[in-house]
Asker: 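This is the structure I have questions about; it appears just below.
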Amino acid sequence: MELFKDTRFDFLGRKWWFILPSLILTFAGLASLLIKGGPLYSIDFRGGAVMDVRCDGAPPIERIRTAVSNRLTGVSVVAAHDLTGSNEVLVSAQLPAEGDLSELRQTIDQALSTVMTKYSIRDFEVIGPQIGADLRRQALMATAGASAGMLLYLGWRFRLVYGAAAVVAMVHDAFITVGVFSLLDQEISLTVVAALLTLIGYSMNDTIVVFDRIRENRHTSGREPLAVTMNRSINQTLSRTVLTSGLTLLTALSLFLFGGPVLHGFSLALVIGIVTGTFSSVFIASPILLAWEQWRAGSRALRVPLPTVEPTGGVR
């Protein structure tokens, strides 16, 4: 199926129309992260406790959140099941500095008693600060390992500069996603990290498709300017990009709108990442590759020795 036929959009000629908004969003996310002292981690990473509470009837989630937040920090209250009429909620809170678990459980219980009369505690789980730090380190190692592996693959499959351009675009996607989460005061949880790793592969795959078409066209384009070849390659893959990204985005939007609070962070990261991943393949990775090739061609021209002119006017 082909949505667009024989398109001739000048993507690279208008790249700054798209790069400038990306830079603004990047700096806004960076400023937010600096002001807030880094990402807002969930208890998966910073340590805390989760209490599974069964209520007698529909749980007053907002009242529970307010009551617990007045006593503890890092509070999150979500429905335990994404089902209409569910009477269970998950109440999570950051572990106090003194780390007294019995006092933490008692504090949550007291907060619940102020807004409900009939409820039962079904489960109480604790994630220690050391476990949270280990999870954070493992998440960073998984992200770095995936990036390094893809860089090596692209360096072998194409050339190292292709891999570097793709990795820069991938880092751009991940950073913008984390920056938007910071701007929206959204927590970074294990499910969000899983979404980021998914987006790394998604963004890289889309970039590889564009780069593969660029490489094929360079072999057959003769002395055609590189920018023309790259624009033609992006236009040739446009239908595939729109179809793949559009359908995937619809799925992610469905999860975001109807998936419930448990999947909210995961689906939000997918929505942001799919948009930025599609954008970066065209307006980040491709311009980086073009700039490198033009710089290399200019450097090579400067290294060519000029002909020596004899006193008689002849050329040696």
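Starting from 1, each residue takes its place in the sequence as its number. Heavy atoms only: backbone and side chains are in, while hydrogens, waters and symmetry mates are out.
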Asker: Does I208 offer a backbone N or O that forms a donor-acceptor pair with the side chain of D212 under 3.5 Å?
Answerer: no
Asker: Say whether F258 and L270 are linked into one hydrophobic cluster, either directly or through other cluster members, by side-chain heavy-atom distances under 4.5 angstrom.
Answerer: yes
Asker: Do W295 and L12 share a hydrophobic cluster (ILVMFWY, side-chain heavy atoms under 4.5 Å, transitive)?
Answerer: yes
Asker: List the steps and the verdict of side-chain contact (heavy atoms from CB on, under 4.5 Å) for R218 and L226.
Answerer: CA-CA 8 Å; R218 290 190 71 180; L226 179 59; 3.6 Å; yes
Asker: I would like to know whether T207 and Y162 meet side chain to side chain donor-acceptor pair (under 3.5 Å); could you show each step before the answer?
Answerer: CA-CA 9 Å; T207 304; Y162 284 78; over 6 Å; no
Asker: Pairs in or reaching into residues 18-38: which pass salt bridge (Lys or Arg N to Asp or Glu O under 4.0 Å), with residues at least two apart or in two chains?
Answerer: K36-D185
Asker: Does the side chain of L34 reach to within under 4.5 Å of the side chain of L30, using non-hydrogen atoms?
Answerer: yes
Asker: Mark yes or no for whether S267, through its side chain, and H264, through its backbone, hold a donor-acceptor pair below 3.5 Å.
Answerer: yes
Asker: Measuring from R240:CZ to D206:CG, what's the distance to the nearest 0.5 Å?
Answerer: 5.0 Å
Asker: May I have the step-by-step check of side-chain contact (heavy atoms from CB on, under 4.5 Å) for I288 and I284, ending in yes or no?
Answerer: CA-CA 6 Å; I288 289 175; I284 301 296; 4.0 Å; yes
Asker: Is there a side-chain contact between L196 and T177, using heavy atoms and a 4.5 Å cut-off?
Answerer: yes
Asker: Heavy-atom distance under 4.5 Å between the side chains of V53 and E88, does that happen here?
Answerer: no
Asker: If hydrophobic clusters are built from ILVMFWY residues whose side chains come within less than 4.5 Å, do F211 and V209 share one?
Answerer: no
Asker: How close do S245 and T278 get, heavy atom to heavy atom, and via which atoms?
Answerer: OG-OG1, 2.8 Å
Asker: Just so I know, are the side chains of P60 and M116 near enough to count as touching, which here means a heavy-atom distance under 4.5 Å?
Answerer: yes
Asker: Measuring only between side-chain heavy atoms, which start at C-beta, is N217 closer than 4.5 Å to Q236?
Answerer: yes
Asker: Would you sort out whether V192 and F181 count as a side-chain contact (heavy atoms from CB on, under 4.5 Å), showing the intermediate values?
Answerer: CA-CA 10 Å; V192 173; F181 264 67; 3.8 Å; yes
Asker: Treating Ile, Leu, Val, Met, Phe, Trp and Tyr as nodes and any side-chain heavy-atom pair under 4.5 angstrom as an edge, say whether I64 and I121 lie in one connected cluster.
Answerer: yes
Asker: Would you say the side chains of N231 and D10 form a donor-acceptor pair under 3.5 Å?
Answerer: yes
Asker: So how far is it from I234 CD1 to S286 OG, rounded to the nearest 0.5 Å?
Answerer: 4.0 Å
Asker: Determine the interplanar angle of the F18 and F279 rings, folded into 0 to 90°, and report it as parallel if under 30°, tilted if 30 to 60°, perpendicular if over 60°.
Answerer: tilted
Asker: Are any of the side-chain nitrogens in D123 or R54 under 4.0 Å away from the carboxylate oxygens of its partner?
Answerer: no
Asker: Any luck finding a side-chain donor-acceptor pair between H172 and S22 under 3.5 Å?
Answerer: yes
Asker: Out of curiosity, S281 OG to M170 CE, how far, rounded to the nearest 0.5 Å?
Answerer: 11.5 Å
Asker: So, S32 side chain and G29 main chain: donor-acceptor pair closer than 3.5 Å or not?
Answerer: no
Asker: Sequence neighbours excluded, which residues qualify as salt bridge (Lys or Arg N to Asp or Glu O under 4.0 Å) partners of R14?
Answerer: none
Asker: Dump the intermediate steps for side chain to side chain donor-acceptor pair (under 3.5 Å) on D109 and Y119, then the final yes or no.
Answerer: CA-CA 10 Å; D109 194 9; Y119 65 92; 2.4 Å; yes
Asker: Within this structure, what is the CG-OG1 distance for the pair L199 and T276, rounded to the nearest 0.5 Å?
Answerer: 7.0 Å
Asker: Just so I know, are the side chains of L268 and Q186 near enough to count as touching, which here means a heavy-atom distance under 4.5 Å?
Answerer: yes
Asker: Output the distance between atom CD1 (I176) and atom CG (L25), rounded to the nearest 0.5 Å.
Answerer: 4.5 Å
Asker: Quiz question: by atom type and distance under 3.5 Å, do the side chains of D173 and S280 form a donor-acceptor pair?
Answerer: yes
Asker: Which word best sums up how the rings of F11 and F9 line up, parallel for under 30°, tilted for 30 to 60°, or perpendicular for over 60°?
Answerer: perpendicular
Asker: When rounded to the nearest 0.5 angstrom, what distance separates OG1 in T114 from CG in N70?
Answerer: 8.5 Å
Asker: I'd like to know if the side chain of T237 reaches the main chain of S233, judged simply by a donor and an acceptor atom lying under 3.5 Å from each other, with no hydrogens or angles considered.
Answerer: yes
Asker: With side-chain contact (heavy atoms from CB on, under 4.5 Å) as the test, would you mind laying out the steps for Y202 and T248 before giving the verdict?
Answerer: CA-CA 10 Å; Y202 181 89; T248 310; 4.0 Å; yes
Asker: What pair of heavy atoms forms the shortest contact from P39 to I188, and how long is it?
Answerer: CB-CG1, 3.9 Å
Asker: Would L255 end up clustered with L247 when hydrophobic side chains under 4.5 Å apart are linked, directly or stepwise?
Answerer: no
Asker: Using modelled atom types only, decide if a donor and an acceptor are shared between the side chain of S182 and the backbone of V178 within a distance under 3.5 Å.
Answerer: no
